[in-house]
K.L.:
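Dropping the structure in here first, questions after.
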Amino acid sequence: MRAPSSTITAHTNSTYRIAPSRIHRSSTSLPSPPSTKLLMQTHATLLRSGEIHDAIIAGKLISNIANSHPSNLPYALTFLSHPTNIPINAFAWNSLIRGFAHSASPENSISLYRRMLADGFFPNNYTYPFLLKASSYLEDRRVGLSLHATIIRRGLDGMDPFIQTSLINFHAVLVSVDTARQLFDESLVRDVTSWNALIKGYVACGQHMNAIYMFQAMQDCGPICGDEITMLSVVSACAHLGALEMGRWVHSYIERNRLVLNLNLGTALINMYAKCGEIDSAKSLFWEMQEKDVRTWSVMINGLAIHGHAKESLVLFAEMQRFGVVPDSVTITALLIACSHGGMVERGRTIFSRMRMDYGIEPTIEHYGCIVGLLGRAGKLDEALALIRRSSLKPDIVLWGSLLVDCMVHKNIGMGEIVVKEILKLDPSNAGAHVFLSNMYATSGKWDVVQEVRNFMKEQMIHKPPGSSLIEVNGVVHEFLSGDSSHPQFDGIYKMLDEICRLVSLKGHKPLVGGVSFDINDEDREVCLSQHSEKLAVAFGLISTNPGSVIRIIKNLRICRDCHAVMKLVSEAFGRIIIVRDCNRFHHFSKGSCSCGDYW
DNA sequence: GGAACTGTAA
């Protein structure tokens, strides 16, 4: 079990409420950047008046052009080779570097920096944040590391909060979040942006719990208060963790601190509610939002999809188009997920085959992942394999892995072997491929081959990542691993687990041991099965929450057949709604049945 | 003149 040593108490008594008066209406009231035409007119006027030869005036013009829109960058660059000797100062160089740092070709910022040095200009404390920003988008982290070395050599590290935050961000993105943390700890000045850079860094590398801890530490340190950008990261962390109580608390924090529920934050909150199983809260917030962009719609369409509301998801997509919002690649992914979980094979096929024609969106590996999942789940394995073979994209491990799971579910050993070979070509020590190989042989009773695979894995030290389930009780997130006995309430949990086994067996449940291969006899295999992480989590939920309350579990893998059957029976026997989010979708168990209709 | 900014396959 991993639980916060100290936790943010979720204010479970505060009701979930939206304050419409504080919902951000629109960004149209913001002044729009000067148009290209206007910039050109100003340029012409300054040329005529001769004021263009004033370095400060020229610098302002270059800055306005370079930062108006990325498409104006070539125009801004013409000033560097202008025949009329327009003076260029450090401010103008910085503006150009800044413009490219936020463009699709950030490497140009670095070229400009080199040119700036060659022309005898010294970068100042404004230059480095832009350069570090550009470096964080490059593949080669040596560029940013070399800049960091220059910053140290010039004695600028730890002196300027902007440089420090940029360094934290660069390290979090391209080096490691640990070095980012070190830089943060060493900073003499911390402001909300440096906290934000670090919190975002933890979210970006998947250390969501650490992101929450940092947010908590930020409050403990005072007097700095989180702003809208802090909340984006914190809400995103809650969504990943499935930490609903924490997410609700954060929502109320946003309201208490009168933060603006703007487009981005609203979208993040909708996503959080959907990913935490509260699809109705997600829906109400979605319709409350005055301004919605393609992300807001996609988040909602995806939310409905993972809850198995396929038809509603497609209806919302139609609605989105009526509102004139143009779908993007992620929207199409969400639609395919909806079809996949709703078993709408034909509709999914059509969307996939027409996406280029209908929406001008080129299929990516993610779309292939969805369609292979859709076909595989429906047992159309040959079609899925043919599709992968026909694709011009190079299939990755995720794509093959998805097909492999379906080969196992549909007991297609022949194709499973083909797929395993493909996976092992990409990653010879892939744990999943070895485990599935072993499982496939176990299913067909080839125990000598099972032993061979097992020995090989032992020799090569190949371990399958353990199943993990998270459950949040009173604002504390508890993690259970398969066969875990480290929880302080171990005794109570295992007593409850025995009780569950007794009750489900009275209902006629027979353990579905097909997915367990590493244990020789059936009894051991049943024990292994009975200690799957989601069963430990549900047992803990039953003993630590009020009778009748909803139990929410987040599982890192796909829920197994046996756990699925047991959850249905537990929901009936204990009169509980159990909501399990596995790595694919939500399962709402109630009164002995599941919202997925046993199709997942 | 500057740093931090939400959603996708398994």
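Below, chain A is the first sequence line, B the second, and so on; all start at residue 1. Keep in mind that what you see is a predicted model, and the values were worked out from it rather than measured.
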K.L.:
Choose from B:dG7, B:dT6, B:dG1 the nucleotide whose nearest atom is closest to any side-chain atom of A:R98.
P.N.:
B:dG1

K.L.:
Give the intermediate values and the outcome of side chain to side chain donor-acceptor pair (under 3.5 Å) for residues A:S166 and A:N169.
P.N.:
CA-CA 5 Å; A:S166 304; A:N169 181 58; over 6 Å; no

K.L.:
Among residues 363-377 of chain A, which contact DNA chain B at a heavy-atom distance under 4.0 Å?
P.N.:
A:I365, A:E366, A:G369, A:C370, A:R377

K.L.:
For A:S236, which contact category applies under a 4.0 Å heavy-atom criterion: base, sugar-phosphate, or nothing?
P.N.:
sugar-phosphate

K.L.:
For A:I56, does the CD1 atom sit with more than 12 other heavy atoms under 6.0 Å from it, leaving out its own atoms?
P.N.:
no

K.L.:
Looking at DNA chain B, which of residues 160-168 of chain A put a heavy atom within less than 4.0 Å of it?
P.N.:
A:D160, A:P161, A:F162, A:T165, A:S166

K.L.:
Write down the distance between CD1 (A:I332) and P (B:dA9), rounded to a whole number of angstrom.
P.N.:
14 Å

K.L.:
On a plain distance test, is the side chain of A:D328 in donor-acceptor contact with the base of B:dG7 below 3.5 Å?
P.N.:
yes

K.L.:
Does A:F184 have A:R190 sitting over its ring (NZ/CZ under 6.0 Å from centre, angle to axis within 45°)?
P.N.:
yes

K.L.:
Establish, with yes or no, whether the OP1 or OP2 oxygen of B:dA10 is under 4.0 angstrom from a side-chain nitrogen or oxygen of A:N584.
P.N.:
yes

K.L.:
Using the ring centroid of each side chain, check whether A:H148 and A:H171 are separated by less than 6.0 Å.
P.N.:
yes

K.L.:
For residues A:W93 and A:I88, report the shortest heavy-atom separation together with the two atoms involved.
P.N.:
NE1-CG2, 3.5 Å

K.L.:
Between B:dA3 atom P and A:F184 atom CZ, what is the distance in whole Å?
P.N.:
19 Å

K.L.:
Can A:K292 be said to sit on top of A:F286's aromatic six-ring, NZ or CZ under 6.0 Å from centre and within 45° of the ring axis?
P.N.:
yes

K.L.:
Using a heavy-atom distance cut-off of less than 4.0 Å, which residues of residues 395-407 of chain A contact DNA chain B?
P.N.:
A:D396, A:V398, A:S402

K.L.:
Would a line drawn from the ring center of A:Y75 to the ring center of A:H43 be shorter than 6.0 Å?
P.N.:
yes

K.L.:
Consider only side-chain N and O atoms of A:N257 and A:D227, and report whether a donor and an acceptor are under 3.5 Å apart.
P.N.:
no

K.L.:
Output the rounded distance in Å from NE2 (A:H102) to P (B:dC5).
P.N.:
9 Å

K.L.:
Show, in sequence, the C-alpha distance, side-chain angles and deciding distance for A:S468 and A:S533, and conclude whether the side chain to side chain donor-acceptor pair (under 3.5 Å) test is met.
P.N.:
CA-CA 5 Å; A:S468 147; A:S533 62; 5.9 Å; no

K.L.:
Under a 4.0 Å heavy-atom cut-off, which of residues 228-235 of chain A touch DNA chain B?
P.N.:
A:I229, A:L232

K.L.:
Does either side chain, that of A:S176 or that of A:D178, offer a donor lying less than 3.5 Å from an acceptor on the other one?
P.N.:
no

K.L.:
Using modelled atom types only, decide if a donor and an acceptor are shared between the side chain of A:H367 and the backbone of A:S329 within a distance under 3.5 Å.
P.N.:
yes

K.L.:
Salt-bridged, A:K283 to A:E278, with N to O below 4.0 Å?
P.N.:
no

K.L.:
For A:N94, answer base if it contacts any base atom (sugar-phosphate contacts may also be present), sugar-phosphate if it contacts only those atoms, and nothing otherwise; contact means non-hydrogen atoms under 4.0 Å.
P.N.:
base

K.L.:
Mind calculating the distance between CD1 (A:I224) and P (B:dA4) to the nearest angstrom?
P.N.:
17 Å

K.L.:
Please name the residue in the list A:L131, A:N125, A:L147 that meets the side chain to side chain contact (heavy atoms under 4.5 Å, CB included) test with A:I163.
P.N.:
A:N125

K.L.:
Assess whether atom CZ of A:R349 is packed by more than 12 heavy atoms of other residues, nucleotides or ligands within 6.0 Å.
P.N.:
yes

K.L.:
Given B:dG2, B:dA3, B:dG7, which nucleotide is nearest the side-chain atoms of A:N125?
P.N.:
B:dG2

K.L.:
Which whole-number value in Å describes the distance from A:W93 CH2 to B:dG2 P?
P.N.:
20 Å

K.L.:
Name every residue in residues 188-207 of chain A that has at least one heavy atom under 4.0 Å from any atom of DNA chain B, in order of residue number, or write none if there are no such residues.
P.N.:
A:D191, A:T193, A:N196, A:K200

K.L.:
Regarding A:T127 and A:N124, do their side chains bring together a donor and an acceptor under 3.5 Å, going by distance alone?
P.N.:
yes

K.L.:
Between B:dG1 and A:F91, is there a base-stacking contact, meaning the centre of the base's six-membered ring lies under 5.5 Å from the residue's ring centre while the planes stay under 30° apart?
P.N.:
no

K.L.:
A:T267 near the nucleic acid: base, sugar-phosphate alone, or nothing, with a heavy-atom cut-off under 4.0 Å?
P.N.:
base

K.L.:
Rounded to whole angstrom units, what separation is found between the CG atom of A:L131 and the C1' atom of B:dG1?
P.N.:
14 Å

K.L.:
From C-beta outward on A:Y126, which listed nucleotide comes closest to its side chain: B:dA9, B:dG7, B:dG1?
P.N.:
B:dG1

K.L.:
Between A:W297 and A:W287, how do the two ring planes meet: parallel, tilted or perpendicular, split at 30° and 60°?
P.N.:
perpendicular

K.L.:
Answer with yes or no whether the side chains of A:D582 and A:H587 bring together a donor and an acceptor at under 3.5 Å.
P.N.:
yes

K.L.:
Which whole-number value in Å describes the distance from A:H148 NE2 to B:dA3 P?
P.N.:
19 Å

K.L.:
Quick one: label A:V299 by what it contacts on the DNA or RNA (base, sugar-phosphate, nothing), any heavy atom closer than 4.0 Å.
P.N.:
sugar-phosphate

K.L.:
Of the options B:dG7, B:dG1, B:dC5, whose atoms approach the side-chain atoms of A:K133 most closely?
P.N.:
B:dC5

K.L.:
Expressed in angstrom and rounded to an integer, what is the separation of A:M289 atom CE from B:dT6 atom P?
P.N.:
14 Å

K.L.:
Could you check which of B:dG7, B:dG1, B:dA4 has an atom nearest any side-chain atom of A:N169?
P.N.:
B:dA4

K.L.:
Restricting to pairs with a member in residues 154-165 of chain A, which pass salt bridge (Lys or Arg N to Asp or Glu O under 4.0 Å), not counting sequence neighbours?
P.N.:
none

